[in-house]
Every structure is written in C-alpha cells, then in structure tokens.
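Quick note: residue numbers are just sequence positions, from 1. Note that these values count all heavy atoms, side chains included, but never hydrogens, waters or copies made by symmetry.
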Amino acid sequence: MAGNSDSPVRPKRVTAQMVADLAGVSRSAVSRALNDGGYVDAQKREQIVKAAAELGYQPNALAATLQGGASRLVAVVAGDVRNVHDSNFVLRLCEGLNRQGFWPLVITGSQTASGITVEDALRFPLDAIVVRGGSMTEALVDRCGKLNIPMICYGRSIENAKADAVCCENAAGMRKATELLLAKGRKKFGFISGPQGFFSSDQRRRGLIETLDQAGLSLSFEHPGDFTVDGGFAAAQAMIASGETIDALICANDASAIGALGALRSCNIDVPNQMSVIGFDDAEMARWPMFALTTVQNPIDLVVETILDLIQRRITAPERPAKTVTVMPEIVLRETH
C-alpha cells in the first residue's frame, strides 16, 4: 500500500529571523537579546523572549563561534578501546570535561572504522583535541597545529614539542611490581604482553626485563596478549601447556591478569602460594573480591585532572611551550602476589 500522502511535513528549524519577524524587530536585536547579552530596550527584549517561546526557538550555540566565541567542543580520540580500564578512562575524562563546561566529541574504533573520523571532527570549531597515544600521528599533530587546535596526547610521551602530553611511568611501575616479587623469592618469571607496538605494553615489558637483568635473571616464558580477559586466559593456557615451571606471572594489564587467573584456577594452580600474579592499571574488576588482584595503579583521576589543566592552560596561553607531564604509578597490594 502506498504511503499516506496526508502525513504532516516536518517543520523546518525555527530561525532567529522568524523570531525577529514575529516580534517586529531586527535580526541583530534578537541576537543581542538571546545570545550575547548586548543592550536591548526592556520592552523589545520582552517581545523577543515572548516570540522565541511561542515559536520554540533555541539559539544555536555553535553559531556564536563564527563571531570568534569559544565552542566548548573538545574532540576525544580514544582509538581502539580494548578493556574496561580504557573505557572507564574515557568516561571519566568526558565527565571531567562536562564539569568544566566542555562538550566532548568522542571518536572510538580503528582508523578504518565506519562512522565519524578524526578528519570529520576537525571540521568542527574545536577548542581542543585529546588523543590517545596509539592514535597520534605526525600528520595529525601538524594538521592541528595549522588549524590552531590545542592538542593533548595521553598514554605516551611526545618526542617533538608540538603537543602537550600526559604519560604514566610504565617502566617504573613494572619495576616496582618485579621488585616486589623478587623480594618474595620468585625466580621463574612469565610475562603476558599487550598488542604488538603498543607503547604502554612495550614500556612495561622494558621495566620488567631491566629489573630481572639487574637481578641476574631472564624471562622463563613470554606470550603475546591483546589486553583482554580472553587473551589473558589463552596466554596462560599456553604457558601451562608448555610445561614451563613458573612461580611469577606478570601481565601487561589487569584484563590479561584476570583472564590468566581464570586459567590457573581451572588447572588447580594455587595463587599466590604456587604462583604470584600481578596486573597493571588497577581496573575496577581488579578490586572485586573474587579476583583481589595485586596490581600497579595507573591513576585515572590524576591523569584526567592533568589533561583538564593542560587544556585550560593551553586555551589561556596558546603560545606557551609544550609540556609533558609524567605520572608515577604505585603498587596496590591485594591477594595474588
């Protein structure tokens, strides 16, 4: 059956000119009364407010940016969010941006994912852009520089001085975890890494290897992971199947460690008496009583507050030198070490 030809046509968006016509004033008077707080005669203002209410007019916040105003839009390029810690970080960052009056425009997924892209986001009048380290390219840094968009990178250090950055001291955190287990007398270490080429995983591995080397030890087992629970479970299963005797298992993140715990428990391996297990990040799941995971805390709140401070400083003083802030992680002792 054909569609109903009598279906109502959706009305067009109400414009400031329509308000001006109804109120019998100029378009600029509507703008002064409803947008920028400029002077308008009291009677005229009342007419304009009444007309706007009658028509259902809402001023366009983005239109103000065409006059040089701040958009309060901040793009958050989260990249491939693989685990709960990453998603919680993005959530907390967006909450922090909202508290300071910013509107986050979040871009997740891989570079080839469908939907909005970084280039699409750059079409908006952004006040700043926050980029996960793995999603940052030299081309993006240059593009934002030409557009005068302040950029803050999180999750890795920046070699060039074109963007501000916030980075956890990943290697230092892993050294603390390794030293804790060495002090307990552990000598046979296994490691479940993160995805190949991830800055955080590479740095955490470096901290582990250097600390073992200083103690005259080396890794007894290593298996690639993908920062997920399933990946950690599979890696631990491979370790068990290898027959290698391990008394300390360190994982590049908490999701991998929690997956590994599942595999070890399914094989009746006593944690921590037979084997110590340590993660990295201090994700919410690590605190659950069923896991009680000893881990290295990558402090979300501190990193978020640092990013927000860098945004405000860069907006206030756009010409100041780029700044990199490093955050020191701490060991959180629970029941698996």
Side-chain donor or acceptor of T336 paired with backbone N/O of V277 under 3.5 Å: yes
Q297 to V332 - nearest heavy-atom pair and separation: CB-CG2, 3.7 Å
In one Ile/Leu/Val/Met/Phe/Trp/Tyr side-chain cluster, 4.5 Å: I300, I311: yes
Heavy-atom closest contact (F102 atom, D127 atom, distance): CE2-OD2, 4.3 Å
Heavy-atom closest pair, residues H337 and T294: ND1-OG1, 2.9 Å
Minimal non-hydrogen separation, F89 against I307, with atom names: CZ-CD1, 3.7 Å
Under 3.5 Å: donor-acceptor pair, side chain of K176, backbone of P329: yes
Salt bridge present between E169 and R175 (N-O < 4.0 angstrom): no
N-O pairing of R92 and D301 below 4.0 Å: yes
Cluster overlap I209 with M239, hydrophobic side-chain contacts below 4.5 Å: no
Backbone of K323 reached by a side-chain donor or acceptor of D164 within 3.5 Å: yes
Ring geometry between F227 and F198 (parallel below 30°, tilted from 30 to 60°, perpendicular above 60°): perpendicular
N/O donor-acceptor pair under 3.5 Å between D282 side chain and N298 backbone: no
Short side-chain to backbone donor-acceptor contact, R205 and G194, under 3.5 Å: no
4.5 Å side-chain heavy-atom contact, D254 and M285: no
Backbone of N170 reached by a side-chain donor or acceptor of R204 within 3.5 Å: no
D226 side chain to T228 side chain, donor-acceptor N/O pair below 3.5 angstrom: yes
Residue from V327, V325, L308 passing side chain to side chain contact (heavy atoms under 4.5 Å, CB included) with V303: V327
Atom CZ of R334: over 12 foreign heavy atoms under 6.0 Å: yes
Which atom of L261 lies closest to which atom of F291, heavy atoms considered: CD1-O, 4.2 Å
Verify same cluster id: F221, L212 (apolar side-chain graph, 4.5 Å): no
Residue pair A260 / I192: nearest heavy atoms and the distance that separates them: CB-CD1, 4.1 Å
E46, CD atom: more than 12 neighbouring heavy atoms under 6.0 Å: no
Exceeds 12 heavy-atom contacts within 6.0 angstrom, atom CD of Q274: yes
Check: T326 side chain, C168 main-chain N or O, donor-acceptor pair, under 3.5 Å: no
Neighbour count above 12 (heavy atom, 6.0 Å) for K184 NZ: yes
